[in-house]
Structures are given as C-alpha cells and as structure tokens.
Amino acid sequence: LGRGYFDMVTLVAMHQKLNSLLAPLGGKIAYFAGIEQAKFRQPVRPGDVLKLHIEVLRLGSRFGKFRGEAKVDGRLACEAVMTFAVVEKS
C-alpha cells in the first residue's frame with residue numbers, strides 16, 4: 001500500500017474522532033462532505049499511534065467545519081480543515 005492510502009486513513013480517523021465528539025448531541029451523526037485544506041507533514045506507517053486533536057470551527061443545524069491534527073510521537077503528521085453534513089441518526 002502506498003503513502004496516499006495511509007494519508008487518507010489519517011483523515012478518516014479525524015472524522016471518526018469528530019463523530020465521537022458529536023455523540024452527546026443525541027441522535028446526530030456527521031457525514032464527510034469535503035476537504036478544504038490538508039497538509040501531510042510526515043508519513044504515518046502501520047503500527048504508529050496517532051494522537052488526534054479536533055477543533056469544531058463551525059456547527060450549524062445541517063453543516064459544519066472542523067480542524068484536525070494528527071501527531072505521531074509528539075510530531076505533527078497531518079493537519080486538515082474539513083467540512084461535514086449533520087444528519088439524524090437512523
């Protein structure tokens with residue numbers, strides 16, 4: 001598997017973390033909508049432990065935006081600003 005695969009998995013991990021933060025809203029889930037900015041600072045390899053930091057920049061009734069950082073061994077591996085759609089959990 002190439003580096004691009006692991007870069008995408010890192011972005012997906014950030015989105016998963018976002019959903020865990022939205023869980024207290026009750027019955028809401030965030031669906032991935034887009035990537036506005038993404039920078040990959042160092043490769044993430046199998047076995048690396050990602051430390052994720054998520055900051056919700058905007059949360060509306062239907063859409064939102066967040067900024068995420070992924071660190072490996074205390075060093076920034078990836079940072080991104082992404083958008084998401086907020087929908088009722090079915």
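Position 1 is the first residue of the sequence; numbering continues from there. Being a predicted model, the structure only gives us computed values, none of them experimental.
No side-chain heavy atom of Val72 sits under 4.5 Å from any side-chain heavy atom of Val49.
When all heavy atoms of Gly60 and Val86 are compared, the pair lying nearest together is O-CG2, 4.2 Å. Closest non-hydrogen pair, Leu18 versus Phe84, comes out as CD2-CD2, 3.5 Å. Residues Val56 and Leu59 approach most closely at CG1-CB, 4.0 Å, considering heavy atoms. Scanning both residues, Ala85 and Ala33, for their nearest heavy atoms gives N-CB, 4.1 Å.
In this structure, the separation between CG on Leu57 and CE on Met82 is 11.0 Å, given to the nearest 0.5 Å. To the nearest 0.5 Å, atom CG of residue Leu52 and atom CD of residue Glu69 are 10.0 Å apart.
Placement of Phe40 and Leu76 in two distinct hydrophobic clusters is found when ILVMFWY residues are connected by side-chain heavy-atom separations under 4.5 Å, directly or transitively. Side-chain heavy atoms closer than 4.5 Å link hydrophobic residues (I, L, V, M, F, W, Y) into clusters, and following such links, even through other members, never connects Leu50 to Val81.
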Check residues 9-16 and write down every donor-acceptor pair under 3.5 Å in which the side-chain atom is one partner and the other belongs to a residue at least two apart or another chain.
residue	atom	partner	partner atom	Å
Thr10	OG1	Phe6	O	2.9
His15	NE2	Phe32	N	3.3

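Other residues sharing a hydrophobic cluster with Phe63 under the 4.5 Å side-chain heavy-atom criterion for ILVMFWY residues do not exist; the residue is a singleton. With side-chain heavy atoms closer than 4.5 Å counting as contact, directly or through intermediates, the hydrophobic cluster containing Tyr31 also holds Ile29, Val87.
Contacts classified as side chain to side chain donor-acceptor pair (under 3.5 Å) and involving residues 55-66 (residues at least two apart or in different chains) are given here: Glu36-Lys65. Residue pairs meeting the salt bridge (charged side-chain N to carboxylate O under 4.0 Å, His left out) criterion with at least one member in residues 16-34, sequence neighbours excluded: Lys28-Glu88. Applying the side chain to side chain donor-acceptor pair (under 3.5 Å) definition to pairs two or more places apart or across chains, those involving residues 73-84 are Arg41-Glu79, Gln42-Arg75, Arg67-Glu79.
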